[in-house]
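Computed over heavy atoms, backbone and side chain alike; hydrogens, waters and symmetry mates excluded. Naming convention: chains lettered A, B, ... in sequence-line order (proteins, then strands); numbering from 1 in each chain.
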2 protein chains.
Amino acid sequence: MSEAANPALVSGLLGEGADVGTVAKFFRALGDPSRLRLLAFLLDGEHSVSDCVAHIGLSQGRVSSHLACLADCGYVQARREGRWCYYRVADPRVVELVVLARALAADNRAALAACERIDGPEAAPRRT
Amino acid sequence: MSEAANPALVSGLLGEGADVGTVAKFFRALGDPSRLRLLAFLLDGEHSVSDCVAHIGLSQGRVSSHLACLADCGYVQARREGRWCYYRVADPRVVELVVLARALAADNRAALAACERIDGPEAAPRRT
DNA sequence: TGTACATATTCGCCAAGGCGGATACCATTA
DNA sequence: TAATGGTATCCGCCTTGGCGAATATGTACA
């Protein structure tokens, strides 16, 4: 019936406290260049939404939405102060995750760049 | 002109050897439940494509494509043996990455589940 | 060389989701 | 209370990419 050959192990790695769909959602949050740049910017220190807008150059609404997404996923934390909202990295393990992923990606950057199964050929620059 | 406020640090975390787009691509590979389940299955040990098909229940072509994607991104490694092709996890750091992500996701599973910015309300089960 | 079988690629379809622009929301200040 | 300004949400548009089905490719064996 096509279940796991070793359900216990698989469950131990992905199903315990956070199901596969949830973990996938978690990864997908960092699968967008804009959100990843925002996170990198916040790894540099706490910043307001307007700071982020100035930094990555997307519309204010989009940046706000991306930050909220990162917050929902537990990557960053929001702090209100009057009209301003400051975001900062919520957990030191986020740094570990990014550093680890960067190292792995760097070791495979040639194959990654050539991978046309994600982003297709010559990654269309998503209209200016 | 809206560049990094601290280019050196940001560069050190994301731009050194693997640019933001590449790392995003890397994360996006694990942002799909099917690929994540495949990876979990392979963390259990080496398996052929047909094994994987039987395990996750998607079409053979789709599974083959997902495995090739994981291989391109450096998560898994292929080994040909006659007509069969066996895939296995390529790097022990992949386990670290998954375990770390699972832990973080588990600590935020409530917020993650509630996050409608990814997958929208009641995550449509992508036709059975 | 023909057949069988495991894997890889191609195709059209359609949902997820990133985008800017408009606008709503809310705290500060006059 | 009205105006200002930072942030959040909503909207339609359009690309990315997951899906199965069909088909191509390649290997083993008769």
Side-chain angles (χ1 to χ4, degrees), chain A residues 20-21 24-25 27-38 46-73 76 78-87 115-128, chain B residues 2 20-21 24-38 46-73 76 78-87 115-128:
Chain A
V20 177
K25 214 172 179 178
F27 275 122
R28 195 145 68 257
L30 295 191
D32 175 69
S34 299
R35 280 194 295 265
L36 205 48
R37 285 201 297 153
L38 275 173
E46 192 179 65
H47 291 290
S48 70
V49 176
S50 349
D51 285 345
C52 293
V53 171
H55 176 64
I56 62 169
L58 294 180
S59 70
Q60 182 274 322
R62 193 101 310 271
V63 170
S64 174
S65 178
H66 278 321
L67 288 171
C69 178
L70 287 172
D72 280 349
C73 295
V76 302
R79 180 175 65 85
R80 272 240 166 245
E81 191 171 313
R83 284 179 295 204
W84 289 270
C85 193
Y86 295 97
Y87 285 87
C115 175
E116 296 188 350
R117 292 164 206 286
I118 292 184
D119 263 9
E122 66 193 282
R126 188 149 241 162
R127 82 179 148 127
T128 303
Chain B
S2 80
V20 176
K25 212 172 181 178
F26 184 75
F27 275 121
R28 195 145 69 258
L30 295 192
D32 174 69
S34 299
R35 279 193 295 266
L36 205 49
R37 285 201 298 153
L38 275 172
E46 192 180 64
H47 292 289
S48 70
V49 175
S50 349
D51 285 345
C52 293
V53 171
H55 176 64
I56 61 169
L58 293 180
S59 70
Q60 182 273 320
R62 192 102 313 271
V63 170
S64 174
S65 178
H66 278 321
L67 288 171
C69 178
L70 287 172
D72 280 349
C73 295
V76 302
R79 179 175 65 85
R80 271 239 167 247
E81 191 171 313
R83 284 179 295 201
W84 289 270
C85 193
Y86 295 97
Y87 285 87
C115 175
E116 296 188 349
R117 294 163 203 286
I118 291 183
D119 263 10
E122 65 191 288
R126 191 148 238 166
R127 78 182 149 129
T128 306

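- For H66(B), no side-chain nitrogen or oxygen approaches OP1 or OP2 of dG17(D) to under 4.0 Å.
- Judged by distance alone with a 3.5 Å cut-off, no donor-acceptor contact links the side chain of Q60(B) to the base of dA6(C).
- Contact between the side-chain N/O atoms of S65(B) and the OP1/OP2 oxygens of dG18(D) is not found at any separation under 4.0 Å.
- Counting only distance, with no hydrogens or angles, the side chain of R35(B) and the backbone of H66(B) share no donor-acceptor pair below 3.5 Å.
- Residue D119(B) has its side chain nearest to dG17(C) when only dA8(D), dG17(C), dT7(C) are considered.
- Map R35(A) and C85(B) each onto its nearest nucleotide of DNA chain C; the residue landing nearer the 5' end is C85(B).
- Side-chain nitrogen and oxygen atoms of R62(A) include none within less than 4.0 Å of the OP1 or OP2 phosphate oxygen of dG17(C).
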B/S/- along nucleotides 24-30 of chain D (protein heavy atoms under 4.0 Å) is --BBS--
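- Comparing dA8(D), dC19(C), dT9(C) by their closest approach to the side chain of D32(A) singles out dC19(C).
- Among the candidates L67(A), V76(A), L58(A), the single residue satisfying the side-chain contact (heavy atoms from CB on, under 4.5 Å) test with L38(A) is L67(A).
- The residue Y86(B) sits apart from the nucleic acid: no heavy atom pair falls under 4.0 Å.
- Residues D119(A) and R28(B) are in side-chain contact: their nearest non-hydrogen atoms beyond the backbone lie under 4.5 Å apart.
- Contact annotation: R28(A) side-chain N/O to dG17(C) OP1/OP2 distance is under 4.0 Å.
- Rounding to the nearest 0.5 angstrom, the gap separating the NE2 atom in H55(B) from the OG atom in S50(B) is 14.0 Å.
- Spacing between atom OH of Y87(B) and atom P of dA6(C) amounts to 16 Å, rounded to whole angstrom units.
- Of all nucleotides listed (dG20(C), dT9(C), dG18(D)), dT9(C) comes nearest to the side chain of S64(B).
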